[in-house]
K.L.:
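Take a look at this one; I'll ask things after.
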Protein chains: 2
Amino acid sequence: MLDNLANINGLPQYIRIRESIRERILSGELVRGEKLPSEDELAMVYGVSRMTLRQSLADLIDEGLLYRKHGVGTFVALQQFARDHTVLRNFIETSKEEGLNVEEKLLDARLTSAKFQVARALNLEEGDKVVCLKTLRILEGNPITIHEAYFDHVKFSDFLEGNIEELSKDLLAYYESKGYKVKRGIQRLEARSIENDIAEILQIDESTPLLYKERTLYTAEGIPVEFLYCYNRGDLYSVTINLTT
Amino acid sequence: MLDNLANINGLPQYIRIRESIRERILSGELVRGEKLPSEDELAMVYGVSRMTLRQSLADLIDEGLLYRKHGVGTFVALQQFARDHTVLRNFIETSKEEGLNVEEKLLDARLTSAKFQVARALNLEEGDKVVCLKTLRILEGNPITIHEAYFDHVKFSDFLEGNIEELSKDLLAYYESKGYKVKRGIQRLEARSIENDIAEILQIDESTPLLYKERTLYTAEGIPVEFLYCYNRGDLYSVTINLTT
DNA sequence: GAGTGGTCTAGACCACCCG
DNA sequence: GGGTGGTCTAGACCACTCG
């Protein structure tokens, strides 16, 4: 074995192969339900060892794009499982990708003291200084969601001195720029009756229920970064979730 | 290399090692935030090659129990990410595991014709025969959820002739016994106002919002198995979701 | 029995991080 | 420079499925 030609374009081979196979599926070259060539054969075709090829397949199987049958083969799944709300993505960017008209309006940004629930989620003491950021999201002209985010003033002390309007458009990027790259989160959803002040901001009457959400975001290490309350118009907003095993 | 002693107790080595490491974390032997021995060292300790050991770690990293830092080491995450509603599990069994008092009451089971939404989800034609199964779930004495499940009468023709009361307690097991092992699902959540007949069954008044859910279950191949409407009491029921990347 | 995926080895070199 | 994880190899044997 000489050398691996891995970094021809800076990417590991298994990623290039994975994306090549994904492309062949999404383009329709590989039809749903169709059997792929065997792992041995694919490894040969792509010029890698079988272990490397299996690394490519593993990711696609995890996504639900492929499935394996022991002793039979590897197949393209019949159903594509779309991106969903279990993947953390920037709301404004993804909505724009989908061709939707989105605005975000800054409602409030200030320094405050952590109440019990916020403190517990962020692993702080009650009364510790936190930044509170309230925004309103407007989809196709309809106010749809109020966000009330909290994060540690010690970790993110320069937020309120920056261009808040700009920073709040991509908080995940801001967190990362401070060394806190968000990797995981836990969220909890409830149906709730609407409260007065929220009905007013969302411009709906009190019979419309709210899809209420609490969310905590963490780094890979498990450090809590943000705690969020989220009030969504029940009649316009739904949450899609992929389930496994 | 002689032979692999893999199947000493019927399990692959990487699974035994994975569970051993998981146990050491959950038992507190490995403390949160602590650095694990290097992969080379762990491989030596467990008497396997490094690639095999990495297979063990990969699963634990995926779960969020561990995280890696390139050039630094592998660490135990600070935050444990609990089991959640993105994992498909049997409701009655899991509730009992948690020490909760659960009952399930059969409301209705009959053959019917698929309406548009059901037909689309199950990949059938409108009017095709489907089984409709309605159940009520009661948690600690409170009616909490109405389930309205639909599945293909052709695939599951003997359901209505069986012991429905018994079969409906573990539909996933029933589906699997017919050769349809559920592997994935897509669900959608909304907040909704309550309707008359549902308010009556759940014994709540009409000001209580509903957490409404639609769900389709699929095999690994992507064959739709079940479509479900689910009406949850908003004031007693919440859904927890883990997010990644 | 032939073909497939499942597991495993004993190395190798690279990229990254730290002192 | 030394230690770590990231990628990759060129094989091997096993377990499963099907004709």
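So you know, we letter chains A, B, ... as the sequences are listed, proteins then strands, and number each from 1.
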K.L.:
So if I take residues 37-52 of chain B and measure heavy-atom distances to DNA chain D, which residues fall below 4.0 Å?
P.N.:
B:Ser38, B:Glu39, B:Arg50, B:Met51
K.L.:
List for me each residue that meets side chain to side chain contact (heavy atoms under 4.5 Å, CB included) alongside A:Glu214, sequence neighbours excluded, and say none if there are none.
P.N.:
A:Gln117, A:Arg188, A:Tyr212, A:Phe227, A:Tyr229
K.L.:
May I have the distance from A:Gln55 (atom CD) to D:dA10 (atom P), rounded to whole angstrom?
P.N.:
16 Å
K.L.:
When the distance from CZ of A:Arg16 to P of D:dT7 is rounded to whole Å, what number comes out?
P.N.:
13 Å
K.L.:
Does D:dG5 have OP1 or OP2 under 4.0 Å away from a side-chain N or O of B:Thr74?
P.N.:
yes
K.L.:
Using a 3.5 Å distance criterion without hydrogens, assess whether the side chain of A:Ser56 forms a donor-acceptor pair with backbone atoms of A:Tyr14.
P.N.:
yes
K.L.:
Determine: side-chain N/O of A:Arg54 to OP1/OP2 of C:dG6, distance under 4.0 Å, yes or no.
P.N.:
yes
K.L.:
Closest approach to the side chain of B:Gln13, judged atom by atom: which nucleotide of C:dT9, D:dT17, D:dC8 is it?
P.N.:
C:dT9
K.L.:
Has the side chain of A:Arg32 got a donor or acceptor atom that lies under 3.5 Å from a matching backbone atom of A:Leu78?
P.N.:
yes
K.L.:
What is the distance, rounded to the nearest whole Å, between atom CZ of A:Phe75 and atom C1' of D:dT17?
P.N.:
11 Å
K.L.:
Quickly work out the A:Leu53 CG to D:dC8 P distance and round it to whole Å.
P.N.:
11 Å
K.L.:
ring-ring contact (aromatic ring centres under 6.0 Å, His included) between A:Tyr180 and A:Phe151: does it pass, once the steps are laid out?
P.N.:
CA-CA 11 Å; A:Tyr180 296 92; A:Phe151 43 89; over 10 Å; no
K.L.:
Considering residues at least two apart in sequence or located in another chain, which fulfil the side chain to side chain contact (heavy atoms under 4.5 Å, CB included) criterion with B:Arg54?
P.N.:
B:Glu39, B:Arg50, B:Arg68
K.L.:
Contacts to DNA chain D from residues 62-71 of chain A, heavy-atom cutoff under 4.0 Å, which residues?
P.N.:
A:His70, A:Gly71
K.L.:
What are the two closest non-hydrogen atoms of B:Val102 and B:Phe91, and how far apart are they?
P.N.:
CG1-CE2, 3.5 Å
K.L.:
To the nearest Å, how far apart are B:Lys35 NZ and C:dC18 C1'?
P.N.:
12 Å
K.L.:
Can you list the residues that meet the salt bridge (Lys or Arg N to Asp or Glu O under 4.0 Å) rule with A:Lys129, with sequence neighbours excluded?
P.N.:
none
K.L.:
Mind jotting down which residue pairs meet the ring pair (Phe, Tyr, Trp, His ring centres under 6.0 Å) criterion with at least one end in residues 27-69 of chain A? Sequence neighbours excluded, please.
P.N.:
A:Tyr67-A:Phe75
K.L.:
Would you name the heavy atoms of B:Asn242 and A:Ile186 that are closest together and state the gap between them?
P.N.:
OD1-CG1, 3.6 Å
K.L.:
If each of A:Tyr14 and A:Val72 is mapped to the nucleotide of DNA chain D with the nearest heavy atom, which maps nearer the 5' terminus, i.e. the 5' end?
P.N.:
A:Tyr14
